[in-house]
S.K.: 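What follows is a structure written as structure tokens; I'll ask about it next.
This one's a predicted model, so the numbers in the text were calculated from it and none came from an experiment. In what follows, every chain begins at residue 1, and chains take the letters A, B, ... in the order their sequences are listed.
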Number of protein chains: 2
Amino acid sequence: MGVQEVQACLDSAHQRCSESGLRLTQKREQILRLMLEAEAPLSPYEVVDLYNAQAEQSMPPNSAYRILDFLAEANLVHKLNSANKYIACSHIACSHPHSASQFLICSQCKTVKEVMMEPKLLKEIQKNVSSAGFKMRHPSVELECLCGDCSES
Amino acid sequence: MGVQEVQACLDSAHQRCSESGLRLTQKREQILRLMLEAEAPLSPYEVVDLYNAQAEQSMPPNSAYRILDFLAEANLVHKLNSANKYIACSHIACSHPHSASQFLICSQCKTVKEVMMEPKLLKEIQKNVSSAGFKMRHPSVELECLCGDCSES
DNA sequence: TTTTAAATGATATGTTATATCATTGCATAT
DNA sequence: ATATGCAATGATATAACATATCATTTAAAA
């Protein structure tokens with residue numbers, strides 16, 4: 001993601017936060033930028049290491065955990081539960097609303113691709129949930145895959 | 001799950017293992033029984049505690065990890081990645097083959113319900129994967145839900 | 001029985017996550 | 001501007017989780 005795209009995401013993030021009364025503080029913005037630039041899933045400790053290396057400051061682990069949680073709550077990053085890592089949402093700067101995500105995670109090189117689920121597909125999943133008497137809270141699907149490159153070799 | 005059902009699962013598990021050349025040892029069977037009786041997701045350390053309490057023996061954590069991995073490989077238990085816990089497969093004693101599972105996890109009381117996905121639904125998910133140039137390895141869908149009881153209160 | 005490989009145990013240690021309390025910084029009202 | 005109060009962050013310690021290494025046991029096969 002290029003510099004100007006990152007900036008567009010940050011601008012959009014600021015706008016969305018202020019609209020919903022959330023505070024995108026300096027630290028939070030720094031972490032978000034770092035996530036956008038990384039374009040790969042990062043664990044809180046990896047974020048700490050990256051931050052400390054770049055900023056020549058010292059962020060304690062608990063701050064990283066808190067900030068990543070905040071960004072996930074604000075839907076600016078997604079939490080990949082299967083890996084306990086976070087990745088920047090690839091649609092921050094999109095204006096149009098988007099359906100739930102399907103995360104394709106390469107088990108070998110750990111690349112992650114976020115693709116949208118068609119509303120129809122989501123509805124079918126939802127249907128299974130309802131007929132079991134459950135209510136869906138957070139539709140997110142993480143799939144163990146091989147990416148194109150890794151499946152060739 | 002009643003005693004006789006548990007026994008049916010264990011019998012079925014023994015049969016399936018010997019058919020595929022896997023060794024369902026005494027320890028592994030003990031852990032599987034424990035999982036079947038629990039009917040709830042358990043972490044390796046929870047398994048250790050339960051085992052040590054019941055058996056008055058001492059199983060080290062690494063053994064629990066290994067045994068749970070084995071049982072998951074053998075498809076006798078499922079690994080819930082989002083919680084890093086394991087739960088006994090609810091279809092061990094079924095003779096008919098079954099499609100991929102959809103796990104409904106109650107965020108409040110942690111109840112887990114394992115429902116089957118219709119092959120059609122699985123195919124649609126698969127289609128998204130393919131068109132992104134990925135290959136699916138392990139189709140498992142874990143959904144953050146509220147169960148019937150918890151959504152009432 | 002002897003041999004061999006797989007399974008388990010003992011132990012240590014690395015990694016990840018969180019709890020608690022102190023401090024800082026920012027928004028609001030005065 | 002300044003004071004006040006709450007949210008955010010930092011410092012620190014420790015709990016919880018996961019794995020690496022090597023020794024020992026167990027069970028299958030020769």
S.K.: Without decimals, in angstroms, what is the distance between B/M59 CE and C/dA7 P?
M.R.: 14 Å
S.K.: The test is side-chain hydrogen bond (donor to acceptor under 3.5 Å, both in side chains); show your working for A/D11 and A/Q7 and say whether it passes.
M.R.: CA-CA 6 Å; A/D11 292 346; A/Q7 195 52 52; 3.1 Å; yes
S.K.: Is there a side-chain polar atom (N or O) of A/S63 under 4.0 Å from OP1 or OP2 of D/dG10?
M.R.: yes
S.K.: B/N62 has a side chain; which of D/dT12, C/dT8, C/dA10 sits nearest to it?
M.R.: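 The listed nucleotide nearest to B/N62's side chain is C/dA10.
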S.K.: Of the options C/dA17, C/dG9, D/dA11, whose atoms approach the side-chain atoms of A/P60 most closely?
M.R.: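 Minimum distance to the A/P60 side chain belongs to D/dA11.
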S.K.: Can you measure B/K85 atom NZ to D/dA18 atom P for me and round it to whole angstrom units?
M.R.: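 Interatomic distance, NZ of B/K85 to P of D/dA18: 10 Å.
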S.K.: In this structure, how many angstroms lie between the P atom of C/dA17 and the CD atom of A/E46, rounded?
M.R.: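 One finds 10 Å between P of C/dA17 and CD of A/E46, rounded.
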S.K.: Over how many whole Å does the gap from B/L42 atom CG to D/dA16 atom C1' extend?
M.R.: 16 Å
S.K.: Just N and O in the side chain of A/T25: are any of them under 4.0 Å from OP1 or OP2 of D/dT9?
M.R.: yes
S.K.: Please pick, from C/dG9, D/dT9, D/dT12, the nucleotide with the shortest atom-to-atom distance to any side-chain atom of A/R28.
M.R.: D/dT9
S.K.: Select from B/Q26 and B/D69 the residue whose nearest nucleotide in DNA chain D is closer to the 5' end of that strand.
M.R.: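 Result: B/D69.
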S.K.: What is the distance from CD1 of B/I67 to C1' of C/dG9, rounded to the nearest Å?
M.R.: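 Those two atoms, CD1 and C1', are 11 Å apart.
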S.K.: Of all heavy-atom pairs between B/S12 and B/I92, which one has the smallest distance, and what is that distance?
M.R.: OG-O, 2.9 Å
S.K.: Using every non-hydrogen atom in the two residues, find where B/P61 and B/V48 come nearest and quote the distance to one decimal.
M.R.: CA-CG2, 3.9 Å
S.K.: In whole angstrom, what separates A/Y45's OH from D/dA16's C1'?
M.R.: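 Interatomic distance, OH of A/Y45 to C1' of D/dA16: 11 Å.
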S.K.: Quiz question: going by heavy-atom distance under 3.5 Å, is there a donor-acceptor pair between the base of C/dG9 and the side chain of B/R66?
M.R.: yes
S.K.: Return the value, rounded to whole Å, for the distance between atom CG of B/L22 and atom P of D/dA28.
M.R.: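 Going from B/L22 (CG) to D/dA28 (P), I get 14 Å.
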S.K.: Do you know which two heavy atoms are closest between B/P60 and B/S58, and how far apart they sit?
M.R.: CD-O, 3.8 Å
S.K.: In whole angstrom, what separates B/L24's CG from D/dA27's C1'?
M.R.: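 Taking atom C1' of D/dA27 as the reference, CG of B/L24 is at 14 Å.
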S.K.: Just do the ring pair (Phe, Tyr, Trp, His ring centres under 6.0 Å) check on B/H78 and B/F103 with the steps written out, would you?
M.R.: CA-CA 10 Å; B/H78 297 293; B/F103 296 98; 5.2 Å; yes
S.K.: If you assign B/R23 and B/Y65 each to the DNA chain D nucleotide with the nearest heavy atom, which residue ends up on the more 5' nucleotide?
M.R.: B/Y65
S.K.: Has A/K27 got a side-chain N or O lying under 4.0 Å from the OP1 or OP2 atom of D/dG10?
M.R.: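 It does, given that an N or O in the side chain of A/K27 lies less than 4.0 Å from OP1 or OP2 of D/dG10.
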